[in-house]
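Written out below as structure tokens is the structure these notes cover.
Counting starts at 1 for both ligands and their atoms, following the listed order.
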Amino acid sequence: MKIKRIETAYELAKEQYAELGVDTDAVLEKMKEVVISLHCWQTDDVGGFETPDASLSGGGIQATGNYPGKANSIEQMRQDLGKVMELLPGKQRLNLHATYGEFFGKKVDRDEISVENFQGWIDWAKEQKTGLDFNGTYFSHPKADSGFTLSSKNEGIRQFWVEHMKRCREIGAEMGKQLGTPCVHNTWIPDGMKDVPIDRNGYRALLKKSLDEGYEKEVSKDYLKDAMESKLFGIGAESMTVGSHDFYLGYAIKNNKLICLDNGHFHPTEQVGDKISACLQFVDEALLHITRPVRWDSDHVVTLNEEVQLIASEIARNNFFNRVNIGLDFFDASINRIGAYVTGTRAAQKAFLIALLEPTKKLLEWEENEHYFERLALLEELKAKPFGAVWDYFCLLNDVPAGENYIQEVQQYEKTVLSKR
Ligand SMILES: C[C@H](O)[C@H](O)[C@@H](O)C(=O)CO
Ligand SMILES: [Mn+2]
């Protein structure tokens, strides 16, 4: 795309938005506050590197597809992440799962992991000048095969996972300390039942007990922020999920924790965008897993759809950028994974840009004066405004390919790197 054309289109767009009272230069400055935490697991189909042939199993989640070029080692993953970051405007962090440590060819079980397994990532993040986030991994493990981890009635299994959680928090805290930016430590467990359980209460009481034990050690929020991710149901756990939204929201409010909202984890008619302002009345911060559920929690690549737009708009309208930690959660193994990553992340970023380009003050004024037709009409007209010209200029300012130009870069990377794996 020609630089001159991008600049000219931006100037015209700037005028159009200015007529609505929107300062596009200020919006581009504000985009610096939109920091997206890249989920490392799109590069390798949630496999991890505990063993050379590690792959996703259990947990009620599934990566489908077999497109060539998956990252098979930490080196390959870092190379891929480097490419992804090269093609994204703005600022990012990296979100790791506990199975992505450096295990030096040894068997290091989940209750044995320590900072030394992640020091390499911390050093990498220092070089990249980026922050790290962290997740315990409560699936793809024989001790998760029963369908229960932190809520297990087998005390040995429950204690094993509590120890995993404690270690994840230690690792996360060290990441936050060394990198000078708090690590968001997220806990998602697959625990639940295929068929109707008798003892929902018993499992939930055990989960509460495990969380109390796992969180026992106080850690400064300057280093670590604990989040919990609920879910409606998973494959094989259709009748009851122990860590439901009610459960974690209650726990988060009572214990000053973060609530993680994954938009694939609710009934299809519920909107995470609607939940943000509800939750933030009672918790200080939230974590998002932005995804695209297609008929179920399928974790398709994020696209610029209404659901994602509402999430972004709610954050922008209320300036919640310092209270909502933005993460992604998708893993498509059926297409070029780097392309999937870049397309999905850019879609989320575009939603934030569109949100910031909204003349919110005007809309609010109409709303408060019950001028609902005017509100509706302007919201509709905004959809036809030239946000694409502002997006391309944002890419230009950030020295990354504008518009569709990144497609050929991904193709080239496939040719020179991915196809050789
Ligand atoms: C791999 C992730 O931790 C996982 O997708 C989790 O966040 C989730 O959303 C499970 O459905
Ligand atoms: Mn998730």
Side-chain angles (χ1 to χ4, degrees), residues 36-50 54-64 70-71 77 93-101 110 132-141 144 147 149-150 161 164-165 168 171-172 183-192 226-238 240-245 247-248 258-268 270 272 275 286-302 307-308 311 324-333 337 340-341 344-345 348:
I36 304 225
S37 191
L38 300 174
H39 55 306
C40 73
W41 51 94
Q42 166 61 65
T43 59
D44 80 324
D45 317 335
V46 211
F49 301 117
E50 278 178 323
S55 65
L56 170 64
S57 66
I61 53 176
Q62 233 180 349
T64 53
K70 148 182 164 359
M77 180 178 242
R93 302 169 62 87
L94 179 67
N95 190 12
L96 287 168
H97 245 284
T99 38
Y100 289 84
R110 307 272 171 94
L132 289 177
D133 298 314
F134 202 60
N135 301 262
T137 312
Y138 300 84
F139 48 86
S140 304
H141 191 283
T149 62
L150 290 176
W161 291 112
H164 178 60
M165 187 179 174
C168 287
I171 294 164
C183 165
V184 179
H185 157 248
N186 184 42
T187 299
W188 172 73
I189 59 167
D191 300 28
D226 295 302
M228 292 155 300
E229 181 179 2
S230 69
K231 189 160 179 166
L232 183 64
F233 77 95
I235 298 172
E238 290 86 357
M240 188 256 320
T241 295
V242 185
S244 59
H245 183 57
F247 177 91
Y248 283 132
L258 276 65
I259 186 76
C260 172
L261 304 169
D262 179 316
N263 63 295
H265 288 190
F266 293 89
H267 188 279
E270 287 185 90
V272 160
K275 294 180 187 295
L287 166 65
L288 292 179
H289 274 191
I290 303 181
T291 190
R292 179 162 56 105
V294 178
R295 304 194 187 281
W296 67 290
D297 180 34
S298 60
D299 292 291
H300 277 64
V301 176
V302 169
E307 198 178 334
V308 175
I311 291 173
V324 179
N325 302 271
I326 309 162
L328 304 169
D329 189 6
F330 52 85
F331 33 97
D332 191 339
R337 294 171 184 78
Y341 231 141
T345 311

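- Between Y100 and H97, the ring planes lie tilted relative to each other; the angle falls in the 30° to 60° range.
- Using a 4.0 angstrom heavy-atom cutoff, H265 counts as in contact with ligand 1.
- When only modelled atom types and interatomic distance are considered, N95 and H39 share no side-chain donor-acceptor pair under 3.5 Å.
- Not a single N, O or S atom of H265, from either the backbone or the side chain, sits less than 2.8 Å from the Mn ion (ligand 2).
- The distance from ligand 1 to the heavy atoms of I61 drops below 4.0 Å at these ligand atoms: 10 (C), 11 (O).
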Next item on the list: Test K231 against D297 for salt bridge (charged side-chain N to carboxylate O under 4.0 Å, His left out), laying out the working first.
Entry: CA-CA 9 Å; K231 189 160 179 166; D297 180 34; 2.8 Å; yes
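- Between F247 and S230 the shortest side-chain heavy-atom distance does not fall below 4.5 Å.
- Among the atoms of H97, some N or O lies under 3.5 angstrom from an N or O of ligand 1.
- Looking at D329 and the Mn ion (ligand 2) together, the shortest N, O or S contact belongs to OD2.
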Margin query: Is there a side-chain contact (heavy atoms from CB on, under 4.5 Å) between T99 and R110? Walk through the geometry before answering.
Written below: CA-CA 8 Å; T99 38; R110 307 272 171 94; 3.4 Å; yes
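- For the pair N135 and ligand 1, the shortest N or O to N or O distance does not fall below 3.5 Å.
- The nearest N, O or S atom of D299 is not closer to the Mn ion (ligand 2) than 2.8 Å.
- Under the side-chain contact (heavy atoms from CB on, under 4.5 Å) rule, V184 has a single partner from D226, N135, L258, which is L258.
- In terms of polar-atom proximity, E229 is counted as a contact of ligand 1, with an N or O under 3.5 Å from an N or O of the ligand.
- Taking distance alone, with nitrogen or oxygen atoms compared against 3.5 Å, K231 approaches ligand 1 more closely than that limit.
- Near F331, meaning under 4.0 Å from any of its heavy atoms, are these atoms of ligand 1: 5 (O).
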Note to self: Show, in sequence, the C-alpha distance, side-chain angles and deciding distance for D329 and W41, and conclude whether the side chain to side chain donor-acceptor pair (under 3.5 Å) test is met.
What the structure shows: CA-CA 8 Å; D329 189 6; W41 51 94; 2.9 Å; yes
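- Distances between N or O atoms of D297 and those of ligand 1 include at least one value under 3.5 Å.
- At the top of the distance list for atom 6 (C) of ligand 1, counting protein heavy atoms only, stands D329 OD2, 3.5 Å.
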